[in-house]
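Reviewing the structure listed below.
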Amino acid sequence: MPPHFGHIGSYLPGDTFASRLELRLTGMHRPVRAGIAGSQHTGAESIVLSQVYEDDVFSEDEIIYTGQGGRDPKTGHQVTSQVANDRNLALMKSQETGQPVRVIRKVTDEGSGAQVFRYEGLYRVLSYEYGLGKSGVGVWRFRLVPERLAAGQLPTA
DNA sequence: TCCATGCGCGGCC
DNA sequence: GGCCGCGCAGTGG
């Protein structure tokens, strides 16, 4: 399947998905486990925030998405410095191309209390930087903003 | 607790 | 360019 950027079918921001498998079946986010979908050549199509990377920040008008790697699965802390691997390169490519990235976030569904994946909509990678994270090792930080805010926020802000 | 599964990359025709 | 094998991952049964 060729890469697909932008919305998928008739799915809208706010729609929820029960599992990573469902995200894959619908084409929202194809990798079964990885958080970044895409390649270093075409850019990132979609990302998942699963509340497992300690340096992530999610707010109303901005997302700081930590790059892939360096994480100890047992402790959840960053233990080795991240490198510019293919998945991180994919997000850098997105910053270059300006292609929209689908953002999906794992949240607790009010009511059922179940963990679901919520489609947050299309974002753009405005910038990225490399620096020390909370645990003191190097991490990539990708700054994404909702597509509708990206246009009016280009060089200024 | 353990491990399957799908994908991108790189090596090799 | 196409095929194959490897390594790895923001899971999940």
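Here the structure is a predicted model, which is why all the values come from computation and not from measurement. Within every chain, numbering begins at 1; the chains are lettered A, B, ... in the order of the sequence lines, protein sequences first and strands thereafter.
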Query raised in the report: So, S135(A) side chain and V137(A) main chain: donor-acceptor pair closer than 3.5 Å or not?
Result: no
Query - Under 3.5 Å donor-acceptor, D61(A) side chain and V145(A) backbone - result: no
With a 4.0 Å limit, can you tell me whether [X] has a side-chain N or O closer than that to the phosphate oxygens OP1/OP2 of [N]?
X	N	result
S50(A)	dT11(C)	yes
Q40(A)	dG8(B)	no
Q68(A)	dA9(C)	yes
R20(A)	dT11(C)	yes
R24(A)	dC7(B)	yes

Query raised in the report: Does F117(A) stack onto the base of dG10(C), taking stacking as ring centres under 5.5 Å apart and planes under 30° apart?
Result: no
Query - Where DNA chain B forms stems, i.e. three or more consecutive Watson-Crick or G-U pairs with both distances under 3.5 Å - result: B:2-4 with C:11-13, B:5-13 with C:1-9
Requested in this report: Would you mind telling me which of D109(A), V107(A), D15(A) makes a side-chain contact (heavy atoms from CB on, under 4.5 Å) with R118(A)?
Outcome: V107(A)
Query raised in the report: Reckon G69(A) touches a base, only the sugar-phosphate, or nothing at all at heavy-atom distances under 4.0 Å?
Result: nothing
Query raised in the report: Which part of the nucleic acid does S19(A) contact within heavy-atom distance under 4.0 Å: base, sugar-phosphate only, or nothing?
Result: sugar-phosphate
